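Scroll down for the structure; my scribbles are underneath it.
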Number of protein chains: 2
Amino acid sequence: MEKSKHQDEAAELQPTSMIQGVLTQSELGEVERSGSFDAIAMGEQLHALRKSRKLTLQDMARQTGVSASAVSKIERGEFSPTLGTMQRIAEGLKIDIVSLLSGTSNEVQPYGRRSVNSADSGRQHLTSTCVNRLLSPDLREKRMLPVRTTVTARHVDDYIDWARSDSEIFLFVLSGILVLHSRAYEPLRLKMGESVYYDANIQHAWTSEGDTDAEVLWLISTR
Amino acid sequence: MEKSKHQDEAAELQPTSMIQGVLTQSELGEVERSGSFDAIAMGEQLHALRKSRKLTLQDMARQTGVSASAVSKIERGEFSPTLGTMQRIAEGLKIDIVSLLSGTSNEVQPYGRRSVNSADSGRQHLTSTCVNRLLSPDLREKRMLPVRTTVTARHVDDYIDWARSDSEIFLFVLSGILVLHSRAYEPLRLKMGESVYYDANIQHAWTSEGDTDAEVLWLISTR
DNA sequence: GCTAAATTTGTCGGATATGATAAATAATAA
DNA sequence: TTATTATTTATCATATCCGACAAATTTAGC
């Protein structure tokens with residue numbers, strides 16, 4: 001079993017960013033997306049943004065101080081703008097360059113979404129080390145991924161690969177005794193009501209201690 | 001009481017980004033930071049990055065395909081580079097432009113941090129509507145802020161201002177009955193073991209129902 | 001359809017960025 | 001120190017960006 005053991009159901013439910021079926025690839029996906037773009041992409045961004053605001057090239061020129069012809073050429077990728085002109089454009093449009101470049105400037109922020117979970121909601125997903133139930137799977141592009149998990153593993157040997165990602169994890173023990181194993185720390189025993197917040201960029205794995213399986217509520221950051 | 005009611009202790013513990021004592025200003029802080037920079041700042045960024053990697057201008061030229069003299073002038077803000085050259089530089093340095101511009105390219109990502117909370121850990125902070133205990137307050141710059149709260153309010157009238165921020169909130173009921181009030185939805189009753197994930201950009205407030213105060217575990221996204 | 005206005009795209013001169021090479025400065029060694 | 005080398009900055013020719021205005025295209029009204 002590998003790192004996705006207590007994570008692959010989550011992966012299934014966030015398809016766009018889950019390249020390898022590993023939950024924490026979601027963040028990787030974000031990073032990759034924001035990093036990959038060229039002058040044309042940026043031009044398209046700008047064009048889309050201008051259209052969505054229903055501005056003409058002239059309006060643009062007036063607001064930003066960059067000539068209409070220049071904006072036109074930038075939009076069509078005919079040449080690659082100077083940082084200075086990009087700044088003027090961003091300033092005139094009241095957005096920051098980062099979002100202009102990363103292509104998030106035109107995204108509408110989700111508003112008022114809500115997803116309720118009953119005590120036993122969520123399709124169960126079994127692995128050899130735990131049973132996962134992803135909470136609020138209907139909401140996409142969440143910043144946090146809440147999961148309720150029953151940890152069935154009793155020994156770290158049950159894990160072939162330990163989990164690792166560039167995310168952060170918060171874990172709260174609902175019942176039983178959970179042992180958090182980490183490459184950087186001694187095993188940590190957590191009882192009911194206890195919790196831990198840790199960087200997932202260090203390898204880690206979970207096991208239960210005692211007769212009953214530990215039940216945990218945990219969230220992993222997605223960006 | 002205002003929006004920070006069940007959030008102001010959190011604010012206290014993330015001083016840099018908590019301008020107005022409102023928890024979700026953390027996000028605002030991030031945004032503001034990433035938006036403010038000019039060509040010179042970018043040049044300084046680049047210079048710092050080059051130095052930290054112990055590269056000469058020639059090395060740079062070799063790796064990026066941008067001439068040493070050009071890089072030198074960019075670093076000193078003598079002119080504003082083209083998006084194309086910025087791309088070449090970013091590519092050669094194996095970073096994405098966004099982080100180069102936003103100034104995060106040279107930051108070291110926290111590694112292997114960990115913070116454990118006992119069942120009753122965290123200094124209590126009383127407000128007129130609830131008792132908050134911020135979990136893992138010793139970790140700074142977290143992507144999620146975990147809080148354990150006892151909701152003492154019985155009626156929405158106890159709130160003067162409802163909470164609102166550009167964050168996302170996950171809430172899990174540990175005991176009692178919590179009622180989630182929202183400007184967009186009918187009041188939602190949540191019993192023990194039930195949970196909800198919602199966008200905090202719509203005004204909301206929490207109350208307890210029944211004789212005992214509801215005990216909830218909740219996390220709010222910070223970026 | 002046509003006409004007129006609005007909007008976008010092309011042209012060209014001037015401004016600015018970039019690259020090759022030289023000059024200047026800083027670092028290193030004897 | 002001086003000599004030597006490494007590194008950065010300045011010079012200048014060339015390529016590219018940018019702005020003003022003209023040409024072409026699209027849109028709107030009839």
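Order of the sequence lines fixes the chain letters, A, B, ..., with proteins taken first and strands second; residue numbering starts at 1 for each chain. Both backbone and side-chain heavy atoms feed into the values below; hydrogens, waters and symmetry mates do not. As the structure is a computational prediction, the values presented were derived from the model and not from experiment.
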Taking CD1 from A/I89 and P from D/dC17, how many angstroms apart are they, rounded to a whole number?
14 Å

Identify which nucleotide among C/dT18, D/dG19, D/dA10 has an atom closest to any side-chain atom of B/S69, counting heavy atoms from C-beta outward.
D/dA10

Per atom distances to the B/R76 side chain, the nearest of C/dT18, C/dG19, D/dA10 is D/dA10

So for A/K54 and C/dT7, does any side-chain atom that can act as donor or acceptor lie under 3.5 Å from a complementary atom in the base?
no

Picking from B/W206, B/Y198, B/Y197, what satisfies ring-ring contact (aromatic ring centres under 6.0 Å, His included) with B/W218?
B/W206

Measure from the side chain of B/T56, starting at C-beta and using heavy atoms only, and say which of C/dT18, D/dT8, D/dC17 lies closest.
D/dT8

With the side chain defined as heavy atoms from C-beta on, B/S72 is closest, among D/dT9, C/dT8, C/dT18, to D/dT9

To the nearest Å, how far apart are B/M60 CE and D/dT8 C1'?
14 Å

Touch class at under 4.0 angstrom, heavy-atom based, for B/Q58 against every strand present:
base

Choosing from D/dG19, C/dA17, C/dT18, which nucleotide comes nearest the side chain of A/S67?
D/dG19

Taking CE from A/M86 and C1' from D/dT16, how many angstroms apart are they, rounded to a whole number?
16 Å

Is any NZ, NE, NH1 or NH2 atom of the basic residue among B/D166 and B/R164 found under 4.0 Å from an Asp or Glu carboxylate oxygen of the other?
yes

Under-4.0 Å side-chain N/O to phosphate OP1/OP2 contact, A/R50 with C/dT8:
yes

Return the value, rounded to whole Å, for the distance between atom CD1 of B/I74 and atom P of D/dT9.
13 Å

Distance (rounded to the nearest 0.5 Å) between B/I97 CD1 and B/L100 CG:
7.5 Å

Proximity to the side chain of B/S80 - top-ranked nucleotide from D/dT11, C/dG10, C/dA17
C/dA17

Please report, rounded to the nearest Å, how far the P atom of C/dC12 is from the CD atom of A/E78.
14 Å

Quick one: do B/T129 and B/D158 satisfy side-chain hydrogen bond (donor to acceptor under 3.5 Å, both in side chains)? Show the steps, please.
CA-CA 7 Å; B/T129 51; B/D158 296 340; over 6 Å; no

Without swapping roles, check the side chain of B/S167 against the backbone of B/S221 for a donor-acceptor pair under 3.5 Å.
yes

What's the closest nucleotide to the B/F79 side chain, out of D/dG19, C/dA20, C/dT18?
C/dT18

Side chain of B/L57 - closest among D/dA10, D/dT8, D/dC18
D/dT8

Using whole Å, report how far CD of B/E75 lies from P of D/dT8.
8 Å

Could you tell me how far apart B/Q87 (CD) and C/dT18 (C1') are, to the nearest whole angstrom?
16 Å

Closest-nucleotide ordering on DNA chain D, the 5'-leading residue of B/K73 and B/H47
B/H47

